[in-house]
Q: 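Got a structure for you, written out below as structure tokens; questions coming shortly.
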Amino acid sequence: HIQSSQQALGKAMAAAEQVAARLAEERKALGELQARTLDHERQTMRIELEKLRRGEEESVRVLCHLLDHNYAVFQAGQRSGQATLAQQLGQYRAACLDAVRRLGLAAHEAVPGEPFDPSRHELAEGSTPGAGAVVQATIACGYTFRGAGIRPIVVSVQTSGDVAPGGGLAGADVGRGADAVSGQDA
């Protein structure tokens, strides 16, 4: 009777070892499945995040394009000589700038008379002005998105040799003005 108990105990132990081995295999397989699932979720999240970034970049490009036209219309209103129209366009522009500022997009204008700074300014035709050039006017705003530069301010410049007798400009680098922004020829 003791011998049959020992045999039964041996069989039970062998069965327990088989169950333990199968459990270890199942645990290992479950761990591998969890790792693959986690990797797949991470990959999916990376793809979705990249889609969002691309969508955000495209949205910012579209907003900049719209703001460029907004600025061109604002400048035309300023040149029109109609004070009421200029004021209304200024208010509309301010409202648009406030709306995009909430998204992290900021427009920047140059101050006439400030020195040309190639890190902040560029000429419409892409050339570099000579030393001593100062900003004459903003042609198109520069933009930053969440503090990162998107585009420098497009300006016209006046160099020290550009002042003609009587205070007028002689050959200042004006570019194409607001038409450079709207894409129309002067």
Q: How long is the gap from NE2 on His121 to CD1 on Ile139, to the nearest 0.5 Å?
A: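 Reported to 0.5 Å precision, the distance equals 11.5 Å.
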Q: Assess whether a salt bridge exists between Glu25 and Lys28, defined as any Lys/Arg side-chain N lying under 4.0 Å from an Asp/Glu carboxylate O.
A: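 Looking at Glu25 and Lys28, the cut-off is not met.
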Q: Between Glu48 and Arg53, is a salt bridge (Lys or Arg N to Asp or Glu O under 4.0 Å) present by the stated rule, with each step listed?
A: CA-CA 9 Å; Glu48 292 301 316; Arg53 281 190 189 127; over 6 Å; no
Q: Is Arg54 salt-bridged to Glu57, going by a charged N under 4.0 Å from an acidic O?
A: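 Judged by the 4.0 Å cut-off on N to carboxylate O distance, Arg54 and Glu57 do not form a salt bridge.
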Q: At their closest point, which heavy atom of Leu105 faces which heavy atom of Cys64, and how far apart are they?
A: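 Smallest heavy-atom distance, with atoms named: CD1-SG, 4.0 Å.
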Q: Do Tyr71 and Gln75 have side-chain N/O donor and acceptor atoms under 3.5 Å apart?
A: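 Present: a donor and an acceptor within the cut-off.
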Q: Look up atom CZ in Arg42 and atom CD1 in Ile47, then write down how far apart they are to the nearest 0.5 Å.
A: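 Separation between the atoms: 14.5 Å.
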Q: Working note: Arg101 + Asp98, criterion salt bridge (Lys or Arg N to Asp or Glu O under 4.0 Å); need CA distance, chi angles, decisive distance, verdict.
A: CA-CA 5 Å; Arg101 195 174 298 117; Asp98 186 50; 3.6 Å; yes
Q: Rounded to the nearest 0.5 Å, what separation is found between the CG atom of Leu23 and the CG atom of Leu30?
A: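 Reported to 0.5 Å precision, the distance equals 11.5 Å.
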Q: Between His69 and Leu66, is any pair of side-chain heavy atoms under 4.5 Å apart?
A: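 When only atoms from C-beta onward are counted, Leu66 and His69 do not touch, as no gap falls below 4.5 Å.
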Q: Counting only N and O atoms by type, is there a donor-acceptor contact under 3.5 Å from the side chain of Ser80 to the main-chain atoms of Gln82?
A: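 Yes: the side chain of Ser80 pairs with the backbone of Gln82.
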Q: Within 45° of the six-membered ring axis of Tyr143 and under 6.0 Å from that ring's centre, is NZ or CZ of Arg151 located there?
A: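 No.
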Q: Keeping Glu114 on the side-chain end and Val111 on the backbone end, is there a donor-acceptor pair under 3.5 Å?
A: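 At least one qualifying donor-acceptor pair exists.
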Q: Does the distance from a Lys or Arg side-chain N to an Asp or Glu carboxylate O, for Glu32 and Arg27, drop under 4.0 Å?
A: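 Salt bridge flag = no for Arg27 with Glu32.
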Q: Compare every heavy atom of Gln136 with every heavy atom of Gln158, then report the nearest pair and how far apart it is.
A: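 For Gln158 versus Gln136, the nearest heavy atoms are N-CB, 4.3 Å.
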Q: Take Glu109 and Arg93, measure what salt bridge (Lys or Arg N to Asp or Glu O under 4.0 Å) needs, and give me the verdict at the end.
A: CA-CA 13 Å; Glu109 292 181 55; Arg93 180 168 185 265; 3.1 Å; yes
